[in-house]
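Worth knowing before you read on, the calculation uses all heavy atoms, side chains too, and leaves out hydrogens, waters and symmetry mates. Below, chains carry the letters A, B, ... as their sequence lines are ordered, and counting in each starts from 1.
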Amino acid sequence: MTANSPNSGEDRSSLWKPNRQASRRVEMLVKLIFGAFALVSVATTAGIVLTLIFETIEFFGEVSLLQFLFDPQWTPLFSNQQFGIHVLISATIMTTGIAILVALPLGLMAAIYLSEYASLNTRRFLKPALEILAGIPSVVFGYFALLTVTPVLQTFIPGLQGFNALSAGLVLGISILPLVASLSEDAIYAVPRSLRDGSYALGATKRETIISVILPAALSGIVASLILAISRAIGETMIVTLAAGQNPTPGFNPFVPVATMTAFIVQVSLGDTPATSLAYKTIFAVGMTLFLITLTLNLISFWFVRKFQEKYE
Amino acid sequence: MVSEMQSSMTTDTVFTVRNLSVYYGSLLAVRGVNLDIPKNQITAFIGPSGCGKSTVLRCFNRTNDLIPGARIEGKIEYHDQDLYSKKTDPIDIRRRIGMVFQKPNPFPKSIYNNVAYGARINGYQGNMDELVERSLKGAALWDEVKDKLKESGLSLSGGQQQRLCIARAIAVQPEVILMDEPCSALDPISTLKIEELMNDLKQNYTIVIVTHNMQQATRVSDITAFFNAEESLESSNKIGFLVEYDLTQNIFHNPQNKDTKNYVSGRFG
Ligand SMILES: Nc1ncnc2c1ncn2[C@@H]1O[C@H](COP(=O)(O)OP(=O)(O)OP(=O)(O)O)[C@@H](O)[C@H]1O
Ligand SMILES: [Mg+2]
């Protein structure tokens, strides 16, 4: 009773003994530990990039840049070695291009539907469905492309081979669809309500408001999601390796087996190519090319968002 | 009171509000409003926050329809047309009854396209350049922007943005302009500009303005409606209602109701 009374000043001061010294030490320790973790991730990235750079330099010690750019074929694993990287790049462009042709319109429509048309209940059901789609492992998508989509497509495209860029690209598109849909939806959702109100107050219909006001206002976010989706499609490995094959074919024929950059890296990494051979070093040169492409895309995205993002307030 | 006003004015009535109640879901927000809005006059809505001024204003161009769960009881007539009958198309109504919002909300488009947008979607066939120029002049903005019509509407100052929104509203040639606290986000000079502008607009448009600024109401409006809110017995929210409306000079100098008198003299709200 007396201990709790406000007048017993001595009792109170003996009850409160903050150990400032210790808590300061703990703070320091925590800061150190978290700093170390941050350092680990930075160091890992730097390590990977440095390895890429060193191995790539070694590669270019043996193969000239001209060969890398202009050789007509990509045959580093054969005795007459040729290093025309465009053979792999064309395959990657094809699968990525087809994927984007699928994912962009579908993803954008899904995003518009979800944010502008769907009732609260539909939304509650559809958003998780999209997330489940995003959670399917890519190896499952790969087998789906190889064993289901390709046979179905073969019934009406007679020349279509067992491995091809078409079905790989289509399924790749499905696999990045949730990414496009959910990021675009975020961008559309972020368009302030006041803009919609302003448009409706002029006698605009919903469709006019979406097309002329909401989509332009969300453009920077939609482009950012598109570029992220392209990066994802370029770096995707499982689906294209399983469904498009590992056969480096120059040109842009979507009906024949091709090898994308990622598929080639898998092929060499899994194979019995000795780690000191030139063929082995090519995967670093290919990896470097991939890295440069996605880095460029990220920079473009960064620049675009900075330049075109509308600042409301 | 109504008869007294009608005798002092010979103009037509644009809106006739009869026994209007507005609900948000199951919540009654405003009850039993009876009001006439005269043509080519400025009517001001004043009253403490939350008493339903914006709610009633949004009923006039049916933008309340856009709020899920909002519905009305009672009747609003726009000239002789029942605003809420099934035959009335809200899209068509909104073209004839424009709106300017509390916060300037220009579209992320060029100044030119901000003004042209409404005309385009409403199928305007005339000369667009002329319409844009006329509307910007009507909103007293032309001289400030005539050399940069291609620049984004968002690049303007707040006061200019609000006048752009007014230009955008008059570009579709409405009959009525509803303004919900159009100056509350603006500095005194921009406010003054918009008040002067409203005086000019009065020749061609009927204006209903919500304002928290008593001086503004006395400066610009011909008629003032005072709203208040009271605790309701059955629910926790307050219910808004119209206390009185009359010529602005009467509301401010000779109000009939004690609450009006207290409010306009700054004793509450
Ligand atoms: N979109 C909405 N959904 C639900 N309730 C709403 C909505 N808008 C307004 N209300 C409610 O209706 C009542 C009246 O609000 P309203 O915005 O019309 O008041 P107001 O007089 O304009 O206030 P202020 O002066 O602060 O703008 C308030 O109790 C408010 O909570
Ligand atoms: Mg309001």
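The shortest distance between side-chain heavy atoms of A/D197 and B/L66 falls below 4.5 Å. Looking at heavy atoms from C-beta onward, A/L195 lies in side-chain contact with B/P108 at the 4.5 angstrom threshold.
Contacts between A/R207 and chain B at a heavy-atom distance below 4.5 Å are absent for every atom of the residue. Neither the backbone nor the side chain of B/L178 comes within contact range of chain A, judged by heavy atoms closer than 4.5 Å. Contacts of B/F101 with chain A are made by side-chain atoms alone, with heavy-atom separations under 4.5 Å and no backbone atom involved.
The two residues B/N61 and A/A201 have their closest heavy-atom pair at ND2-CB, 4.4 Å. Listed here is the closest heavy atom pair of A/G198 and B/R168: CA-NH2, 3.8 Å. When all heavy atoms of A/G203 and B/N122 are compared, the closest pair comes out as O-OD1, 4.0 Å.
Atom OH of residue B/Y117 and atom OG of residue A/S212 lie 4.5 Å apart, to the nearest 0.5 angstrom. Atom CG of residue B/N105 and atom CZ of residue A/R196 lie 12.5 Å apart, to the nearest 0.5 angstrom. For the atom pair OG1 (A/T205) and CG (B/D89), the distance works out to 10.5 Å, reported to the nearest 0.5 Å. To the nearest 0.5 Å, atoms CG (A/L202) and CZ (B/R120) are separated by 12.5 Å.
Remark: A/Y117 OH is packed, more than 12 non-hydrogen atoms of other residues, nucleotides or ligands lying under 6.0 Å away. In this structure, B/M198 places its CE atom where more than 12 heavy-atom neighbours from other residues, nucleotides or ligands lie under 6.0 Å away.
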